[in-house]
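Scroll down for the structure; my scribbles are underneath it.
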Amino acid sequence: MRSRRIGAALLLLAPLAAVVTAGPALAADCSTYPWMDERRSPEQRARALLAASSPHQIYRWLVEQPANNPRQTQWAGDVVYPVQVPCTPTVVYTDGPDGIRFTDGVTAFPATIATAATWNERLAYVKGAAQADEGYRKGKNVILAPGIASGRTPLSGRTPEYLGEDALLSGLMAAAGARGVQSDDRVLATLKHYVANEQELDRQTSSSNADERTLRQVYDLPFEIAAKRAGPASIMCSYNQVNGIYACEHPRQNSVLKDDVGFDGYVMSDFGSVHSTAASLVNGLDQELNRPIWFTPARLDAALAAGQITRARIGAAALRVVTAYIRGGLFDHPLPATPVADVSTPAHKTIARTVAEQGAVLLKNVNSTLPIKPGEGTTIAVIGSTASESAHSVCSLPWRFGNPTTMRCEDLVTPLAGITARAARAGATVTYDNGGDPAAAAVTAAGADIAVVFGYQRAGEFSDLADLRLQGGGDELISAVAAANPRTVVVLQTGSAVEMPWLDQVPAVLQNWYGGEQMGPALAALLFGDVNPSGKLPMTFPRSLADTPTAGDIARYPGVVVDGIRQVSYSEGLQVGYRWYAARGVDPLFAFGYGLSYTSFAYRDLEVTGDGRDGVRIRFRLTNTGKRWGTEVAQAYVALPSSTGEPAKRLVGWSRVTLGPGRSRTVQIDLNRSDLADLHLLQYFDPARSGWVTARGAYGFTVGGSSTATLHDTLHVR
Ligand code: BGC
């Protein structure tokens, strides 16, 4: 099974050995074709192209490989097309939440969840732009990222590829990333995977069953926000069913994405997520990923003959694809004839390092254990296999196809290398133990002034996590090290939440996620205080798996198989992530939005004004009450009037504020009219009215450094 998938994956990246017929020679002068006339709008150009195309040339746009390899005419299964009209580009798709995959010479950025933890839209943007630049020079011009899910369960294997459990944070960060990719003007971004794609277990044979309000507010909303704010070229529909209908043939593609949200790009399928010809096309799928299976000329012709689809719908799908390609610059900026071997640059490496630094979350730090203040002769014990392994461990761990080759990470600077280099500058020395034997590691720890011990969790596509425990004996190792050295710092390299049974035994914990190739210098800078931590959790860390919204009810997770389909009941409804813990009065281990700094911040004087329809202004005073410069991600939450039945908390905005020691600033978070309307910040979805509603009543705002913020003010909306 696995090798078949790998084979399939390679096809995506390197289409079948082409049977290229000679066809008409490429026109010497593309400027004679109206679709190459840059004075026309992208849509006018696309219409001109389709008007000059034969029906089967138009069909080509409906499948990735024929669309993207204009002169190849034959595919497996005797699928034959005419050569495409002249002057259409070669297009190459590549996967890439964390970098351009399956190749070397590229920057391995930290995992997407680490990007989310920066709460820094600008950084997500520059990372996207850097990735697009690398993609283009590597000969790839569509990036299948960013990914969005809603963090329904931390067991979901692809949690590290997504942006956490809040619709606004996910939506805005995905929008920033997609805008960055598309800022290159020759590379397209794809939001994926639409929708309610919240587990890897039986992902192709499961149905996510949720009521309409839940779907709109929790699962559609991050896509809606990202689509509205970024204008991505495409959105990928997911493997799963939604309420019994496969996502790629679900009417939501039309009714929600295209009609309601106004998404004007094209919907593409995931790899093998199409199950029909007519139902998929009629319900909004525009392009089948990879090679022709369901949208072959023969099947399209048969569906036309049977009256199941129309030529107009085929034309509309093609128009979306061609318009998106032209708008995104693919027609005007052909891929380089020869890909560049090494496209990573010092500037890109700096971005990777900055994401790792800003995305790291300081979870615990008592007795000023951190930053490490080494003197001449200080010894630091670094412990744990993932502190030193090469790319084959933790560069960026979407453990795809059971191996680490998705990102080669040949430029990885390991934590051990980074810490050793930084310690040497301070005259300190580092001892290393791979942690394979906790007793031996304890001896190493006992002989040092401070111990830095690494715990890991591998998570990735194709399977969910079995539990939220550290892997490789991490819990035992940390306990043993902590017992030997009271100054033990835990560094966590995980893609999702983990339980921390040893938390009371250690004074400091730093969450590093999958830190990418520059994790070594980034970690060293954080541990030694050259950089002050500012990351905030984009997902709740529960005390135990049993506290999570889907625990204790197999109907919710993993779902119950009926007639070959795993029926997953989303009966927790709106109470996903921090909303669940608030509703149940369950204290998480670390709340959504939480993260410490080496300095401290105080909030006061919250004042919320506005009418709630044309605008809301949230103002408060933030003071750096500590002794260092620091950056705080100040967050604003709202509780809607109780008549709405909404959860007690909803993130409505945030601001990253940098302040010197003792300094104060008035922070202002403005929710303007378009934010309120487009992002539905104060609205709820009313299925009866099939629309979003702003209720009259009292809106309780809170601001602070996490979702447990308490500084409060009320706004009355009439
Ligand atoms: C994944 C997608 C990915 C596609 C192409 C699928 O297995 O679900 O996220 O873009 O493969 O590699």
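Atoms within each ligand, like the ligands themselves, are counted from 1 in listed order. Predicted model, so just to flag it, every value in this text is computed and none were measured. No hydrogens, no waters, no symmetry mates; every other heavy atom, side chains included, goes into these values. Position 1 is the first residue of the sequence; numbering continues from there.
To the nearest 0.5 angstrom, Tyr266 atom OH is 12.0 Å from Lys258 atom NZ. Between Arg320 atom CZ and Phe263 atom CZ the span is 7.0 Å, to the nearest 0.5 Å.
Taking the ring pair (Phe, Tyr, Trp, His ring centres under 6.0 Å) definition, one finds that Phe295 meets it with nothing, sequence neighbours left out.
Against a heavy-atom cut-off of under 4.0 Å, Leu144 is close to the following atoms of ligand 1: 10 (O). The contact set between ligand 1 and Asp270, taken as ligand atoms under 4.0 Å from a residue heavy atom, comprises 1 (C), 2 (C), 3 (C), 4 (C), 6 (C), 8 (O), 11 (O). Near Asp95, meaning under 4.0 Å from any of its heavy atoms, are these atoms of ligand 1: 3 (C), 4 (C), 5 (C), 10 (O), 12 (O). Interface of Lys192 with ligand 1, defined as ligand atoms under 4.0 Å from a residue heavy atom, comprises 2 (C), 3 (C), 9 (O), 10 (O).
With distances taken over non-hydrogen atoms, the option nearest atom 9 (O) of ligand 1 out of Glu161, Met236, His193, Gln204 is His193.
At a 4.0 Å heavy-atom cut-off, ligand 1 does not touch Glu200 at all. Contact annotation for Met268 and ligand 1: no heavy atom of the residue comes within less than 4.0 Å of the ligand.
Side-chain contact check for Asp220 and Tyr194: at least one donor-acceptor pair (N or O, by modelled atom type) lies under 3.5 Å.
A cation-pi arrangement is present between Arg152 and Tyr570, with the terminal nitrogen or guanidinium carbon under 6.0 Å from the aromatic centre and inside a 45° cone about the axis.
Summarising the local packing, CZ of Arg313 is surrounded by more than 12 heavy atoms from other residues, nucleotides or ligands at distances under 6.0 Å.
Residue Tyr239 places a heavy atom under 4.0 Å from ligand 1.
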